[in-house]
Amino acid sequence: TAAVTFSRFDQVRSDVTFVEDHLLIAHAANRSYDFPTVWTEAGEALRRVPQHRPALRLAVAAYFKELISTGQVSVYPVDF
């Protein structure tokens, strides 16, 4: 099934599920207070789908939660 799903069969190549995967990982990291991972995964989702509201919400929340919990922010390159 995976070979057909991600092949050039019938000109179908969709990476929509990748965005969902990144958001699932970001949500799991958020629950374990791993804010740099939340930022990274939400950023990957935003690279694929700019202005994705749940991804934006997670990225902004991770930034401020890291700032509040540690008093500083790790290196957060913004390239999305």
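Here the structure is a predicted model, which means the values were calculated and not measured.
- Every residue meeting the side-chain contact (heavy atoms from CB on, under 4.5 Å) condition with Ser32, not counting sequence neighbours, appears here in chain and number order: Asp34.
- With Leu58 as the partner, the side-chain contact (heavy atoms from CB on, under 4.5 Å) test is satisfied by one option alone out of Arg53, His52, His27: His27.
- Remark: Ala45 engages Val19, His22, Leu23, Ala55 in a side-chain contact (heavy atoms from CB on, under 4.5 Å) (not counting sequence neighbours).
- In this view, Tyr33 and Phe35 satisfy the side-chain contact (heavy atoms from CB on, under 4.5 Å) rule, not counting sequence neighbours.
- Within the model, atoms CD of Gln51 and CG of Leu46 stand 7.5 Å from one another, a figure rounded to the nearest 0.5 Å.
- Note that the CG atom of Asn30 and the CD1 atom of Ile25 stand 13.5 Å from one another [nearest 0.5 Å].
- With contacts defined as side-chain heavy-atom distances shorter than 4.5 Å, the pair Glu66/Val38 does not qualify.
- Criterion: ILVMFWY side-chain heavy atoms under 4.5 Å apart, direct or through other members. Under it, Phe18 and Leu24 are not part of a common hydrophobic cluster.
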